[in-house]
Amino acid sequence: MKVLITGGAGNIGSRLAASLIRRGDKVVVLDVNSEPLYPTPEFSKADVCAGGVDDRDLVMATVAETRPDSIFHLAAILSGGAEQDPERTWRVNLEGTRNVLEAAVAAGVNRVVFTSTIATYGAGVPEPVNEHTPQWPSGLYGATKVAGERLGVYYHLRHGLDFRGVRLGAMVAPDAPVGGAASAFVCELYARAVQCGAYRLDVYPTTQLPVVWVDDVVHALVGLHDADGSMLRHRVYNIAAGTPSVQAMADAVVRRIPDVKIEFVPDPVRAPIVDSWPSAMDVSASHDDWGWHPAFDLEQMTDQVLREVRERDAETGR
Ligand SMILES: NC(=O)c1ccc[n+]([C@@H]2O[C@H](COP(=O)([O-])OP(=O)(O)OC[C@H]3O[C@@H](n4cnc5c(N)ncnc54)[C@H](O)[C@@H]3O)[C@@H](O)[C@H]2O)c1
């Protein structure tokens, strides 16, 4: 299978590219960064096209020339970056998504898989949120991602495009996303604890947040892509693996690195953004319809992320 990954050099994309190449797929990456955040020997086999999804001509030409069977559309500006640069977020998240969908239809691409977010749900909804919960986000990032979901469904209804998506909780990984997530602390916490022995969390200790380990996200993307379409009751599915408080995440680190110094200094912009997201996600539909369930709970992902940070620091001599 030939696959195009937009945003394929980012946190999720670089691991997704490696995973697809490992199983024998041919991968083309379209990203404004050509260096992967998570470099692997597999990623070096990907064709990397440096450019933006907001460049309509480039997207149309890349998809027409590449003629992929499927597109994973991951390129985006994330929650923190969106509030800092609304103009760019509009171009990348809204126009970029429309460009990708247009190009997919024009080139006869079978399937587009989209990455949406828990930030599409606003505050005050019944929890845990499920695939029927109303989506009225308070931030620009969430608003652009709801629009992306709806646009994908429109292209499905209007053009028969097989559009599918995952709505992710905050992702735990050794690196913070390139795109400036307000939830970047769920990655930075671990790297800073190992490297500096200290970290200042810019959110409230009481904030509760659905989290998920990065490789479980990759499995979800591949699993939903490969799923039998007749089993899918929804176009977009919730993905998370537990819902710890930020204090519980910090405590899990302290249990493993007892002398680490973690303090809470909530940021007046970022803390309310993260606090406005739902604290619990119902992921039973992903399990029931296409068999996804996370391999990592909070304890396992804490062990894994600390291990990966240490291994990478040893390799790079940090
Ligand atoms: N990380 C999370 O916690 C999380 C949670 C929910 C949803 N998501 C979604 O998953 C996707 C991937 O997130 P990630 O964590 O890998 O973030 P990331 O910021 O690491 O990756 C995004 C990639 O998109 C690229 N990009 C930015 N603008 C672009 C443009 N105009 N054209 C092409 N590429 C561009 C960036 O260079 C980066 O490599 C995003 O759509 C994000 O909204 C992430």
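Computed from a prediction, not measured in an experiment: that's the story for all the values here.
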Given Glu149 and Arg167, is the salt bridge (Lys or Arg N to Asp or Glu O under 4.0 Å) satisfied, shown in steps?
-> CA-CA 9 Å; Glu149 291 186 23; Arg167 205 174 288 127; 2.8 Å; yes
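- No side-chain heavy atom of Ile273 sits under 4.5 Å from any side-chain heavy atom of Tyr141.
- The number of heavy-atom neighbours closer than 6.0 Å to CZ of Arg255, taken from other residues, nucleotides and ligands shown, is above 12.
- At distances below 3.5 Å, at least one donor-acceptor pair connects side-chain atoms of Ser286 with backbone N or O atoms of Asn238.
- With hydrogens and angles disregarded, no donor-acceptor distance shorter than 3.5 Å links the side chain of Asn33 to the backbone of Glu35.
- The closest donor-acceptor contact from the side chain of Thr40 to the backbone of Phe43 lies under 3.5 Å.
- Side-chain atoms of Leu209 and Thr243, non-hydrogen and from C-beta on, never get closer than 4.5 Å to each other.
- No side-chain heavy atom of Asn11 sits less than 4.5 Å from a side-chain heavy atom of Tyr38.
- Atom CZ in Arg270 sits 7.5 Å away from atom OG in Ser79 (nearest 0.5 Å).
- For Arg233, the CZ atom is densely surrounded, since the number of other residues' heavy atoms within 6.0 Å is greater than 12.
- Residues Asp175 and Tyr190 have side chains that never bring a donor and an acceptor to within less than 3.5 angstrom of each other.
- Here the closest heavy-atom approach between residue Val29 and residue Ala46 is recorded as CG2-CB, 4.3 Å.
- Judged purely by atom type and a 3.5 angstrom limit, Arg164 uses its side chain to pair as donor or acceptor with the backbone of Ala227.
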Using the salt bridge (Lys or Arg N to Asp or Glu O under 4.0 Å) rule, take Asp25 and Lys2 through it: C-alpha gap first, then chi angles, then the decisive distance, then the call.
-> CA-CA 6 Å; Asp25 293 341; Lys2 195 172 196 184; over 6 Å; no
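- Contacts classified as salt bridge (Lys or Arg N to Asp or Glu O under 4.0 Å) and involving residues 217-227 (residues at least two apart or in different chains) are given here: Arg23-Asp226.
- For Trp292 and Tyr237, the ring centers are positioned 6.0 Å apart or more.
- In this model, no donor atom of one side chain and acceptor atom of the other lie less than 3.5 Å apart for Gln247 and Thr206.
- Between the CG atom of Asp162 and the NE2 atom of His225 there is a distance of 8.0 Å, given to the nearest 0.5 Å.
- Here OG1 of Thr89 is found 8.0 Å from CD of Glu83. Values are rounded to the nearest 0.5 Å.
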What's the verdict on side-chain hydrogen bond (donor to acceptor under 3.5 Å, both in side chains) for Glu102 and Tyr155, showing C-alpha distance, side-chain angles and the deciding distance?
-> CA-CA 8 Å; Glu102 276 293 319; Tyr155 274 73; 2.5 Å; yes
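- Distance check, rounded to the nearest 0.5 Å: SG of Cys196 to NZ of Lys261 gives 13.0 Å.
- The environment of Arg88 atom CZ is sparse: at most 12 non-hydrogen atoms of other residues, nucleotides or ligands sit within 6.0 angstrom.
- Heavy-atom neighbours of Glu263 CD from other residues, nucleotides or ligands within 6.0 Å: above the threshold of 12.
- Under the 3.5 Å distance criterion, the side-chain polar atoms of Lys26 are left unmatched by any main-chain donor or acceptor of Val3.
- No donor-acceptor contact under 3.5 angstrom links the side chains of Gln195 and Arg310, judged on distance only.
- The closest side-chain donor-acceptor pair between His73 and Thr115, if any, does not fall under 3.5 angstrom.
- Under the 3.5 Å distance criterion, with hydrogens and angles disregarded, no donor-acceptor pair is assigned to the side chains of Gln300 and Gln304.
- Ring orientation note: the planes of Phe114 and Phe163 are tilted relative to one another, at an angle of 30° to 60°.
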